[in-house]
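To start, the structure under review is shown below, and the notes come after it.
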Amino acid sequence: MCLYQNLKEVYFYQKLKDNKVKCEVCPHYCIISPNQTGICRVRKNIDGSLFALNYGKVAAFNIDPIEKKPLYHFYPGQDILSIGSYGCNLKCDFCQNYTIAHGEPNGTYTESEKIADIACREENNIGIAYTYNEPFMWYEFVKDSAQMVKKKGKKNVMVTNGYINEESLKELLPFIDAMNIDLKAFSDEFYKDICKGAVRPVLKTIKRAVKYCHVEVTTLLIDNLNTSEKEIDALSRWIASIDRDIPLHLTRYYPAYKMNIPPTSIEKIKKLKDIAQNYLNYVYIGNVVGIDRNTYCPQCSALLINRETKVVAQNIKSSKCTNCGRKVSITI
Ligand code: SF4
C-alpha cells in the first residue's frame, strides 16, 4: 500500500522517462503522465508509479442466481455472491452498467478476506462472481480475493469483456473456475466504432480461457449493428471451431447509456439462434420473457436442466446424459 489510503500499486506496468508509466494490463497499453489516469480511469500515475484507485472499493454487492451472470452450465440453480467496482477499458455506447462501469471510484472499502468470509457464510452460495464493471480493471483486488476464495474451497467466476493481455490473463486464470466472456460482435469495425476496442484480443482470451476453466459466451444483439445472418454464422462457426459445446447466449438489447436504437425484434433473435444452432449445441436467448431457456441433450434431446420455474438439473450423472450416455458440459 502507498501513502494514499487503500491504493495499491498495480502489477503490470513499466516506468518510463519523465515520470511517465506504461500500463500493460490490457491491449490499450496506456502511456500515463504524472497525475493522470489511463482509459479505464482507475489506474493513476502518482509520482511516477502506477496505482489502482479502486482497490477493495465495492460499488455493487448482491447475491444472484448463477443463471443471471449468465452461466447456464455451471452449478445450475445455485447462488453466487456478485460484486463489482468502478472502471472499464471499453466504452460501449450501449453499456448496461454504465453508472458503475464509468462512475467514480468511491465505493465502500472492503478487505478481500471479509468478502471471502461472506461468500462462505451464505447458504447455497458457490463463491464470488466479479461482475458489473470490468473485473480485469479491478485486477489486484480480484486476484487477492480469488486466492482467498479458492483457499476456502469456493468458486470464482468472472463476467468479462475479455479485453485483456495474455500475461495478466495467465496469472489470474489458475484461480478462476468459470467465465462468461462477452463477444460483442464478430467484426473489428463494431469494436472500434461502438466500444473503442478491437475484437482480436477478445478472441484470444476465449481461446485461452477454455483451456483453464468453464467458459460461456454472450453476444448482445443490436439491430443492424451486429445482427446480420452472415456475422452470427461466422461468430458461431468460430466458437464451434474451439468446441461445439461452448454455450452461447444471444441476448436482447434494450436502449441504454448513449444508444437509443429500439430493442431488437424477438423474431430476428430466434432466426439468429437457428443459425447459431447449425454449429453450436447450446444456444440460449436472453433478456426475453417467456422463451424456452431449458437445456436439452444434443444427442437424444432429453431434458437436462429445466428452468421453467425453479431451476432443476435432471438426467445428468458424472457429466453424462443418463438417457443416452453422451458427455455433457455441465457442472452440477
Ligand atoms: S488497464 Fe486501464 S490504464 Fe491499463 S492499459 Fe488498460 S485502459 Fe489503460
Side-chain angles (χ1 to χ4, degrees), residues 2 4 6-57 59 83-93 95 97-107 130-146 158-173 175-176 179 181-184 188 190-206 208-209 257-258:
C2 77
Y4 298 81
N6 299 329
L7 300 191
K8 182 149 184 167
E9 191 169 2
V10 309
Y11 294 144
F12 299 95
Y13 80 101
Q14 270 186 53
K15 294 189 179 196
L16 307 175
K17 62 179 184 181
D18 301 328
N19 262 4
K20 289 184 180 175
V21 295
K22 181 184 184 188
C23 178
E24 296 174 333
V25 168
C26 89
H28 287 304
Y29 289 109
C30 297
I31 307 278
I32 310 172
S33 299
N35 217 24
Q36 301 295 311
T37 57
I39 288 171
C40 58
R41 296 174 55 237
V42 289
R43 293 172 174 265
K44 184 169 186 176
N45 179 341
I46 299 172
D47 298 334
S49 298
L50 191 58
F51 290 91
L53 299 177
N54 58 354
Y55 185 86
K57 288 186 179 159
I83 62 172
S85 186
Y86 296 89
C88 188
N89 53 345
L90 294 182
K91 304 286 170 205
C92 305
D93 289 349
C95 182
N97 283 326
Y98 63 92
T99 46
I100 54 174
H102 303 298
E104 291 305 316
N106 58 0
Y130 307 94
T131 176
Y132 305 125
N133 73 317
E134 172 47 47
F136 283 113
M137 297 304 102
W138 205 21
Y139 190 95
E140 295 70 22
F141 184 79
V142 168
K143 190 171 175 210
D144 288 352
S145 170
M158 291 184 94
V159 181
T160 174
N161 63 30
Y163 198 65
I164 184 78
N165 285 340
E166 181 178 355
E167 281 312 303
S168 20
L169 175 67
K170 265 169 50 184
E171 205 167 303
L172 202 51
L173 275 173
F175 308 106
I176 303 302
M179 289 171 106
I181 305 174
D182 273 349
L183 181 52
K184 294 172 191 289
D188 235 8
F190 183 102
Y191 269 88
K192 192 165 149 264
D193 296 346
I194 315 270
C195 304
K196 311 292 177 278
V199 71
R200 196 166 295 275
V202 182
L203 301 180
K204 280 188 184 166
T205 297
I206 295 171
R208 204 161 280 134
Y257 196 33
K258 296 177 183 169

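Each ligand, and each atom within it, is numbered from 1 in the order the structure gives.
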So which atom in Tyr163 and which in His28 form the shortest heavy-atom distance, rounded to 0.1 Å?
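Scanning both residues, the minimum pair turns out to be CE2-NE2, 3.6 Å.
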
Near atom 2 (Fe) of ligand 1, meaning under 2.8 Å, the protein N/O/S atoms are Cys40 SG

Can you confirm if the NZ or CZ of Lys196 lies within 45° of the ring axis of Tyr191 and under 6.0 Å from the centre of its six-membered ring?
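No, Lys196 does not lie over the aromatic ring of Tyr191.
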
Name all residues meeting the side chain to side chain contact (heavy atoms under 4.5 Å, CB included) criterion together with Tyr98; count only those two or more places apart in sequence or in a different chain, and write none if there are none.
Cys95, His102, Tyr257

Please list, chain by chain and in numerical order, all residues satisfying side chain to side chain contact (heavy atoms under 4.5 Å, CB included) with Ile32, sequence neighbours excluded.
Val21, Cys23, Cys30, Gln36, Asn45, Leu50

Those residues at least two apart in sequence (or on a different chain) that pass side-chain hydrogen bond (donor to acceptor under 3.5 Å, both in side chains) with Ser145 are Tyr130

How does Tyr29 reach ligand 1, if at all, at less than 4.0 Å between non-hydrogen atoms: by side chain, backbone, both, or neither?
backbone

Counting only heavy atoms not in Lys91 (residues, nucleotides, ligands), do more than 12 fall under 6.0 Å from its NZ?
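More than 12 within 6.0 Å, yes.
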
